[in-house]
Amino acid sequence: MKTWIQNGHVLDPLTGTDQICDVLVDGEIIRKVGTREEIQESLSESGAQTLDASGCYVMPGFIDLHVHFRDPGLTYKETLKTGGEAAARGGVTTVCAMPNTRPVIDTKEKVEEVHHRAKEESPVHIIQLGAITVGEEGKELADIKGMAEAGCIALSEDGKSVMNAALYREGMKLAKKYGLRIFAHCEEIDLRRDPDTGEDGVMNKCAKSEELGLPGITNSVEDIITARDIFLAKDTGVHLHLCHCSTKGTVDLMRMAKAEGISVTAEVCPHHFTLSADDIAEDHGRFKMNPPLREMEDVEALRQGLKEGIMEAISTDHAPHSAEEKDVPMRKAAFGIVGLETSASLTYTELVEGGVLTPMQMAERMSSAPAKILGLSDRGSVSEGKRADLVVFDPSREYEIDTDTFFSKGKNTPFDGWKVKGDVKYTMVDGNIVYTNQAYEEQE
């Protein structure tokens, strides 16, 4: 099947292409990027289906380095299928699924099983990450060699940190040996209790937590482990990727690490660069996430880090839960927020319209930089010979976020009812259109 994407504004961070042109997809590959006449010459006698991208950006498909699909074991929250459909709706064509499922993904066989099922059940590419320790219990190392052979690309203990630094360093050394990356959830678990009350923290420790009478989590909970992990990465030479960064301290530590030449990258989630603790309107589970919403000083530092490229990637930490787990006060609620279906719109509204990023930088932070972090040279670009994973993104469409329309099983987000600008029109994976925005057909 050939697809001719017409009249789109191509944004390709790899080649620097930033202009209106056409794209010809042939099977799973981008065959030609050029003028209408050049595409017609490439087509010769054969035809192609056409997609109108007038007024839209044609970007490389977004790559989300951090999602929770809850499959196996917690499929009442999400499945490979529903998670994949939510990703496609958000313009995301590749995701990294975290291993804290039930059972934990900690062996070669478990990685292979998810990868096999994902090809059958998900419309997008799923890269299953493996745990660092058996069962994520922090006592003995998991089957690192086997999981590398199964194609997991990276290891993560996401949902917690490996608190035994010596064991963690050995895991890092093995990850380095087998060509894997370490994706770090940086949290000093013994400090997550409110320093004043001793109660488990549920939001950021600040004036807002005092106002709401809720136990707080200090920035040091993240910063201490971030510093530890950076120095362990320096010792071992492994590539370290910092997940869901939320503090000014982490941005400062990233600057230091870059200056030292340490192999480390970092991601920021839309909720952390959009909201602060001051936006928590009430004691409700939809505002409970880990790490928590911080103060405006942190939000501004994260935005500046993204602008400078100190923080290379935008990811979601998509963490679906049932209504019973979230529609309760924060002390009783599960940590987590969904984000796959709102990430692109929030990024465009808050960062591009807000003057923090250019549209090209949005494409870089959401696609080409994540591809580079993962070592995926076949994607993250709208250029000839690359995998035809593409998103057609309309920067002019304004709409209201409505969780009732989500493809994800999870509806847990504080952004329900938000007015945003920018929406996905089409998503293409391996040359196949896996999402078409019905709002455009309704307009016609």
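Residue indices begin at 1 and follow the sequence shown. Only a predicted model underlies this, so the values are computations on that prediction, with no experimental measurement involved.
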Inset, instruction - Kindly assign one of parallel, tilted or perpendicular to the pair Phe62 and Phe393, based on the angle between their ring planes and the thresholds 30° and 60°. - result: perpendicular
Inset, instruction - Please check if the side chain of Glu136 supplies one atom and the backbone of Lys160 the other of a donor-acceptor pair under 3.5 Å. - result: no
Inset, instruction - Answer yes or no: is there a donor N or O on one side and an acceptor on the other, between the side chain of Thr427 and the main chain of Ala88, under 3.5 Å? - result: yes
Legend entry - Lys258, NZ atom: more than 12 neighbouring heavy atoms under 6.0 Å: yes
Legend entry - Donor-acceptor contact present, side-chain Arg181 to main-chain Leu374, <3.5 Å: yes
Legend entry - Polar side-chain atom of Ser343 near backbone of Gly339 as donor-acceptor pair, under 3.5 Å: no
Inset, instruction - Just jot down the ring-ring contact (aromatic ring centres under 6.0 Å, His included) partners of Phe183, sequence neighbours excluded, or say none. - result: His241
Inset, instruction - Could you tell me which residues satisfy salt bridge (charged side-chain N to carboxylate O under 4.0 Å, His left out) with Lys326, sequence neighbours excluded, listed by chain and number? - result: none
Inset, instruction - Would you indicate whether the side-chain heavy atoms of Asp158 and His244 approach each other to under 4.5 Å? - result: yes
Legend entry - Any side-chain heavy-atom pair of Met59 and Ser367 under 4.5 Å: no
Legend entry - Arg31 versus Ser42, side-chain donor and acceptor atoms under 3.5 Å: no
Inset, instruction - With sequence neighbours excluded, tell me which residues meet side chain to side chain donor-acceptor pair (under 3.5 Å) with Thr236. - result: none
Inset, instruction - Would you indicate whether Met296, at its atom CE, is surrounded by more than 12 heavy atoms from other residues, nucleotides or ligands within a distance under 6.0 Å? - result: yes
Inset, instruction - Would you sort out whether Glu341 and Ser408 count as a side-chain hydrogen bond (donor to acceptor under 3.5 Å, both in side chains), showing the intermediate values? - result: CA-CA 8 Å; Glu341 294 170 77; Ser408 171; 4.7 Å; no
Legend entry - Partners passing ring-ring contact (aromatic ring centres under 6.0 Å, His included) against Phe406 (at least two apart in sequence or in another chain): none
Legend entry - Sidechain-backbone polar pair: Asp430 side chain, Asn432 backbone, donor-acceptor under 3.5 Å: no
Legend entry - Ser220 and Glu188 side chains, donor-acceptor separation under 3.5 Å: no
Legend entry - Side-chain heavy atoms of Tyr426 within contact of Cys56, under 4.5 Å: no
Legend entry - Polar contact flag, side-chain donor to acceptor under 3.5 angstrom, Thr265-His239: yes
Inset, instruction - Check whether the side chains of Asp317 and His271 place a donor and an acceptor atom closer than 3.5 Å, and report yes or no. - result: no
Legend entry - Any donor-acceptor N/O pair, Lys288 side chain to Ala333 backbone, under 3.5 Å: yes
Legend entry - Electrostatic pair Glu149-Lys145, nearest N-O below 4.0 angstrom: yes
Inset, instruction - Using distance alone, with no hydrogens and no angle criterion, decide if Thr79 and Glu121 have a side-chain donor and acceptor under 3.5 Å apart. - result: no
Legend entry - Gln49 and Thr3 side chains, donor-acceptor separation under 3.5 Å: yes
Legend entry - Residue pairs fulfilling salt bridge (charged side-chain N to carboxylate O under 4.0 Å, His left out) with at least one residue in residues 346-356, sequence neighbours excluded: Arg303-Glu350, Glu353-Lys421
Legend entry - Minimum side-chain heavy-atom gap Val382-Leu390 below 4.5 Å: yes
Inset, instruction - Give a yes or no on whether the backbone of Leu80 and the side-chain of Asp71 come within a donor-acceptor separation of less than 3.5 Å. - result: yes
Legend entry - Asp298 vs His272 side-chain heavy atoms within contact, under 4.5 Å: no
Legend entry - Phe231 atom CZ, neighbour heavy-atom count above 12 within 6.0 Å: no
Legend entry - Qualifying residues under side chain to side chain contact (heavy atoms under 4.5 Å, CB included), relative to Ala175, sequence neighbours excluded: Leu155, Leu180, Ile182, Val238
Legend entry - Passing candidate, side-chain contact (heavy atoms from CB on, under 4.5 Å) with Trp4, options Asp52, Leu43, Val23: Leu43
Legend entry - Any donor-acceptor pair under 3.5 Å from Thr93 side chain to Val429 backbone: no
Inset, instruction - Return yes if a side-chain donor-acceptor contact under 3.5 Å exists between Asp64 and His318, otherwise no. - result: no
Legend entry - Asp378: salt bridge (charged side-chain N to carboxylate O under 4.0 Å, His left out) partners, not counting sequence neighbours: Arg387
Inset, instruction - Could you list all the salt bridge (charged side-chain N to carboxylate O under 4.0 Å, His left out) pairs where at least one residue sits in residues 264-279, not counting sequence neighbours? - result: none
Inset, instruction - Taking atom types as modelled, find out whether Thr82 and Glu78 have a side-chain donor-acceptor pair closer than 3.5 angstrom. - result: yes
Inset, instruction - Using modelled atom types only, decide if a donor and an acceptor are shared between the side chain of Arg255 and the backbone of Ile310 within a distance under 3.5 Å. - result: no
Legend entry - Atom CZ of Arg169: over 12 foreign heavy atoms under 6.0 Å: no
Inset, instruction - Would you mind reporting whether Asn7 and Asp22 have side-chain heavy atoms less than 4.5 Å apart? - result: yes
Inset, instruction - Would you please name every residue forming a side chain to side chain contact (heavy atoms under 4.5 Å, CB included) with Ser383, sequence neighbours left out? - result: Asp12, Leu14, Thr15, Ser381, Lys386
Legend entry - side chain to side chain contact (heavy atoms under 4.5 Å, CB included) partners of Thr101, counting only residues at least two apart: Pro72, Ile105
Inset, instruction - Using side chain to side chain donor-acceptor pair (under 3.5 Å) as the criterion, list what pairs up with Glu384, not counting sequence neighbours. - result: none
Legend entry - Validation row: Val33, Cys21 side chains within 4.5 angstrom (heavy atoms): yes
Legend entry - Backbone N/O of Phe335 and side chain of His321: donor-acceptor pair under 3.5 Å: yes
Legend entry - From CG (Asp143) to CG (Asp106), nearest 0.5 Å: 8.0 Å
Legend entry - Partner residues of Glu282 under the side chain to side chain contact (heavy atoms under 4.5 Å, CB included) criterion, sequence neighbours left out: His284, Arg286, Phe287
Inset, instruction - Identify which one of Gln304, Glu300, Met311 satisfies the side-chain contact (heavy atoms from CB on, under 4.5 Å) criterion when paired with Val251. - result: Met311
Inset, instruction - Report yes if some heavy atom in the side chain of Met366 is under 4.5 Å from a heavy atom in the side chain of Ile314; otherwise report no. - result: yes
